[in-house]
Amino acid sequence: MDPKGRMSRLTSLLRRRGIVLPSFEIYGGVSGLVDYGPVGARIKRRVVNSWIDHWGSVPNIVEIDSPTITPEDVLVASGHVGEFNDKMSECKSCGGAFRSDHLLDEFHDNPDTLDSSELDELISKNGVVCPSCGSHEWAAASAMNLMFQTSIGAMGGSRSAFMRPETAQGMFMLYPALYRHFRQRLPFGAMQTGKGYRNEISPRQGMIRLREFNMAELEYFIDPENPPVTDLSRWPRKVCMIPDPEGPHPNEVEVTIEEAFESGIVKHPTVAWFLAMTMQFLEDVGIDPSKVRFRQHASSEMAHYASDCWDCEIIGEHGWIEVVGIANRTCHDLESHEKHSKSGLLRAWRSFENPIKESREVLKPVGSVIGPSFRDRAGEVSLALSELTDLPESTPFSLTLSDGTSVQIEEGMVTRSLQETVVSGEYFTPHVIEPAFGIDRIIWHILDHNYLEMEKEGDEYTILSLEPTLAPYDLVVLPLFDKDGMDVMAREILDEIGSISGVIAEIDTSRSIGRRYARADEIGIPWAVTVDHQSLDDGTLTIRRRDDQSQIRIDVGTLIQCLTSKTLHTLF
RNA sequence: GCGCCUGUAGUGAAGGGGUUAUCACAAGAGGUUUCCAACCUCUUGUCCCGGGUUCGAAUCCCGGCGGGCGCACCA
């Protein structure tokens with residue numbers, strides 16, 4: 001078959017079989033929005049479940065679920081309102097559009113802090129030329145808002161809000177509850193799957209750049225002075241890594257994650273652990289590991305919140321595509337939310353190994369004397385006394401208050417004593433390591449890598465070789481003929497299978513048996529169970545394996561047992 | 001957003017200012033057949049949307065929407 005048309009054949013299949021289709025098609029469709037049909041939605045649910053199970057197997061990681069509508073304040077604090085409102089300048093001559101701040105990089109230290117009129121002024125003053133046609137006729141800078149804006153409340157006085165551009169803020173909002181849940185002990189993680197929204201300028205490439213998309217994010221809160229270290233030798237596979245070309249390890253390498261960490265390519269032990277866990281997840285859902293690489297962001301490419309970032313990229317019909325971003329967000333979010341919200345709950349407590357004992361001499365105010373003597377300034381005086389570092393040898397002495405004025409402290413106003421304090425720890429803002437998965441992009445690559453075009457007896461033949469745990473149906477029941485009792489028996493078996501928890505089966509009765517196998521193979525059903533004449537006599541069934549069309553014969557009881565214990569594959 | 005190309009059943013395509021728009025595959029009903037897209041009969045279903053030109057538009061023109069590629073954008 002023509003390899004060039006592979007992508008369009010795959011896309012046709014996805015539409016035809018109800019896997020992924022354009023949304024709102026009878027109204028002309030909307031670019032950047034897609035539907036998962038009856039088959040695709042099953043696959044998607046199972047991919048998401050696999051993701052939740054993968055990270056949920058780590059004991060200190062929990063799942064949460066937050067609103068997609070997010071008040072403006074939250075996204076101001078997170079930096080999204082600022083970062084997502086880039087100004088664009090359009091060239092009047094050729095129509096090219098460019099980020100206004102990028103045009104001014106040479107002329108201003110911090111061009112992204114400027115407003116529209118300042119940008120326009122600087123652009124014309126410096127005679128900035130259009131990078132594509134060389135003209136310097138610019139239209140006025142205008143904002144492009146990459147977030148969908150809405151408001152909370154139907155009437156006047158409503159609050160400005162946005163559809164969330166990432167799920168991560170939900171985890172930060174819940175930090176106090178998480179900290180309590182985990183009994184004030186780091187590290188811990190919270191994960192969430194759900195929709196995110198970005199009003200892309202030009203969505204392209206099918207399900208790769210969507211305006212509404214499925215994300216799966218995990219925020220792992222750690223003590224930066226005591227980051228968790230994992231035994232990386234559990235992941236012996238070599239992976240392709242492309243470190244920052246401007247960094248100390250500029251060359252692409254094939255190494256294990258453990259080697260990458262030990263050689264300093266990956267600096268942070270927790271980031272290294274997430275790279276390994278991410279790789280394992282992708283393999284588990286049927287991504288071809290030889291088509292995966294990790295690429296480190298150059299500092300210029302980094303998101304506003306990150307200090308280090310590795311993209312996990314997968315190659316497929318669309319080329320190398322970022323499907324996971326693993327970022328060290330440090331304390332950026334929690335600190336910024338603390339500042340904006342004035343909440344005191346966004347910290348963690350770190351006990352010192354050896355509590356710091358301090359004893360120092362202090363002058364304690366005698367309230368009954370200080371009060372009447374200084375009246376409304378008595379509080380100030382007490383404060384100034386507590387802040388004294390060099391205690392005067394004797395009274396009376398002159399004490400400087402915070403407002404700069406001095407008062408005279410007389411004998412009897414203070415008592416000298418030894419104060420003992422024990423500092424057993426300190427509050428700090430946890431750091432956050434975040435893996436952020438683009439579920440739709442991963443599903444695309446699962447479909448891409450498992451879409452097999454082959455030849456069968458001279459004809460073209462297609463198999464979606466999905467991992468059995470991700471298949472839209474676990475098996476299909478096929479009566480060889482839809483009559484003579486085979487139809488009844490097939491439906492009885494389907495009923496029985498339907499009562500097994502977590503197993504989804506369907507029945508297909510129309511047309512020839514070969515055609516029905518082909519239909520099942522095409523949407524990735526791993527097993528076909530055929531009821532034939534012999535089944536009626538002795539209760540045995542044919543089990544056919546999708547990937548090699550091999551068959552065995554077992555009785556109904558064995559089938560039910562194997563489905564219940566998920567051991568059907570062991571019979572082959 | 002700009003430029004080039006493009007839009008016909010579920011899918012892939014042909015055609016095209018004039019009677020009822022064509023084909024293959026798919027799908028539904030029935031028949032036949034003892035396990036890999038067989039065959040026979042019947043059936044369902046299509047010109048992206050809006051405006052213009054015209055006696056007549058699915059066809060030509062303009063706009064919108066969608067798709068592909070390039071430019072730009074993409075935490």
Side-chain angles (χ1 to χ4, degrees), chain A residues 5 7-9 11-18 21-33 37 75 78-80 82-86 88-99 102-103 130-133 139 142 144 146-147 165-166 168 196 198-206 208-211 297 300-306 309 311 321-322 325 327 329 332 434 436 456-462 478-484 486 509-522 528-536 541-544 546 549-551 553:
Chain A
M7 174 150 61
S8 56
R9 287 190 298 276
T11 311
S12 296
L13 167 67
L14 299 184
R15 287 166 166 242
R16 190 159 37 83
R17 297 307 306 272
L21 315 85
S23 296
F24 310 112
E25 212 180 5
I26 63 169
Y27 286 100
V30 179
S31 156
L33 301 179
L75 295 162
S78 70
H80 289 92
E83 292 287 325
F84 267 48
N85 282 287
D86 297 320
M88 300 289 287
S89 291
E90 194 178 332
C91 170
K92 283 181 179 170
S93 160
C94 71
F98 305 89
R99 271 179 63 164
H102 286 184
L103 293 171
C130 171
S132 65
C133 75
S142 62
M144 62 169 190
L146 293 183
M147 289 194 290
E166 58 172 20
R198 297 180 189 180
N199 204 352
E200 293 283 351
I201 299 167
S202 99
R204 287 277 171 87
Q205 299 173 292
I208 300 296
R209 278 179 71 187
L210 297 171
R211 288 191 163 122
H297 281 206
S300 57
E301 184 185 4
M302 209 98 68
H304 63 271
Y305 50 68
C309 185
D311 277 351
I321 297 290
E322 173 198 348
R329 296 177 75 131
H332 170 274
E434 172 201 79
K456 189 171 161 186
E457 288 155 24
D459 291 325
E460 296 167 357
Y461 199 80
T462 303
L478 308 173
L480 190 57
F481 300 107
D482 195 21
K483 59 181 183 182
D484 303 338
M486 285 176 266
T509 60
S510 70
R511 304 266 197 156
S512 77
I513 190 70
R515 177 175 296 230
R516 284 179 277 159
Y517 286 142
R519 281 200 284 237
D521 289 344
E522 198 179 44
V529 171
T530 308
V531 178
D532 57 17
H533 292 95
Q534 190 186 332
S535 310
L536 300 174
L541 307 157
T542 311
I543 314 296
R544 171 189 181 271
R546 173 194 66 202
Q549 289 137 46
S550 63
Q551 295 191 348
R553 207 166 178 98

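Every chain is numbered from 1 and lettered A, B, ... according to where its sequence line falls, protein lines coming before strand lines.
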Candidates [options] - which lies nearest the side chain of [X]:
X: A/Phe481; options: B/rC36, B/rU11, B/rU34; answer: B/rU34
X: A/Tyr461; options: B/rG68, B/rC36, B/rC35; answer: B/rC36
X: A/Arg553; options: B/rA26, B/rU32, B/rC35; answer: B/rC35
X: A/Gln551; options: B/rG12, B/rC73, B/rC35; answer: B/rC35
X: A/Arg15; options: B/rU11, B/rC36, B/rC35; answer: B/rU11
X: A/Ser512; options: B/rG28, B/rU34, B/rA38; answer: B/rA38
X: A/Ile201; options: B/rG1, B/rU33, B/rC35; answer: B/rG1
X: A/Glu522; options: B/rC71, B/rU11, B/rA37; answer: B/rA37

Check for a donor-acceptor pair, side chain of [X] on one end and backbone N or O of [Y] on the other, with a separation under 3.5 Å.
X: A/Asp532; Y: A/Gln534; answer: yes
X: A/Arg209; Y: A/Arg204; answer: no
X: A/Arg511; Y: A/Arg516; answer: no
X: A/Arg515; Y: A/Ser510; answer: no
X: A/Arg211; Y: A/Glu200; answer: yes

Atom-to-atom span, [atom1] of [X] to [atom2] of [N] - whole angstrom:
X: A/Arg511; N: B/rC40; atom1: CZ; atom2: P; value: 11 Å
X: A/Glu25; N: B/rG66; atom1: CD; atom2: P; value: 12 Å
X: A/Arg9; N: B/rC25; atom1: CZ; atom2: P; value: 19 Å
X: A/Met7; N: B/rG12; atom1: CE; atom2: P; value: 14 Å
X: A/Ile26; N: B/rG10; atom1: CD1; atom2: P; value: 12 Å
X: A/Leu536; N: B/rC35; atom1: CG; atom2: P; value: 15 Å
X: A/His297; N: B/rC74; atom1: NE2; atom2: P; value: 13 Å
X: A/Asp459; N: B/rC25; atom1: CG; atom2: C1'; value: 13 Å

Under-4.0 Å side-chain N/O to phosphate OP1/OP2 contact, [X] with [N]:
X: A/Ser202; N: B/rC73; result: no
X: A/Ser510; N: B/rG28; result: yes
X: A/Arg515; N: B/rC36; result: no
X: A/Ser31; N: B/rC65; result: no
X: A/Arg17; N: B/rU11; result: no

Exercise for the section: Before giving the answer on side chain to side chain contact (heavy atoms under 4.5 Å, CB included), spell out for A/Ser535 and A/Arg553 the whole-Å C-alpha distance, their side-chain angles and the decisive distance to 0.1 Å. Expected result: CA-CA 10 Å; A/Ser535 310; A/Arg553 207 166 178 98; 3.7 Å; yes
For [X], which contact category applies under a 4.0 Å heavy-atom criterion: base, sugar-phosphate, or nothing?
X: A/Glu322; result: nothing
X: A/Thr542; result: base
X: A/Gly206; result: sugar-phosphate
X: A/Pro165; result: base

Fill in the blank from the handout: side chain to side chain contact (heavy atoms under 4.5 Å, CB included) with A/Pro165: of A/Asn199, A/Leu146, A/Leu75, only one passes, and it is A/Leu75
Handout entry: First of A/Arg516 and A/Leu33 reached from the 5' end of RNA chain B, by closest nucleotide
Key = A/Arg516
Completion exercise
Of A/Glu200 and A/Val30, the one whose nearest nucleotide on RNA chain B sits closer to the 5' end is A/Val30
Practice task
With sequence neighbours left out, write down each residue that passes salt bridge (Lys or Arg N to Asp or Glu O under 4.0 Å) with A/Asp482, or none if nothing qualifies.
Solution key: A/Arg491
Please confirm whether any donor atom in the side chain of [X] sits under 3.5 Å from an acceptor in the base of [N], or the reverse.
X: A/Arg204; N: B/rG70; answer: yes
X: A/Arg544; N: B/rC36; answer: yes
X: A/Arg16; N: B/rC25; answer: no
X: A/Tyr517; N: B/rC35; answer: yes

Roughly how many Å apart are [M] and [N], using the [atom1] atom of each and rounding to a whole number?
N: B/rG10; M: B/rG28; atom1: P; answer: 15 Å
N: B/rU19; M: B/rU59; atom1: P; answer: 15 Å
N: B/rC62; M: B/rU54; atom1: C1'; answer: 16 Å
N: B/rG63; M: B/rA37; atom1: C1'; answer: 45 Å
N: B/rG12; M: B/rC69; atom1: P; answer: 16 Å
N: B/rC39; M: B/rU6; atom1: P; answer: 36 Å
N: B/rA24; M: B/rA14; atom1: P; answer: 15 Å
N: B/rC47; M: B/rU20; atom1: C1'; answer: 15 Å

Handout entry: Under-4.0 Å salt bridge between A/Glu25 and A/Arg15
Key =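 A/Arg15 and A/Glu25: salt-bridged.
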Problem - Check: A/Leu541 and A/Val531 side chains under 4.5 Å, non-hydrogen atoms - result: yes
Handout entry: Non-hydrogen side-chain atoms of A/Leu13 and A/Glu522 separated by less than 4.5 Å
Key = yes
Exercise for the section: State the dot-bracket string of RNA chain B. Criteria: Watson-Crick or G-U wobble, both atom distances under 3.5 angstrom; notation: ( ) intrastrand, [ ] crossing earlier pairs, | interstrand, . unpaired. Expected result: (((((((..((((....[...)))).(((((.......)))))....(((((..]....))))))))))))....
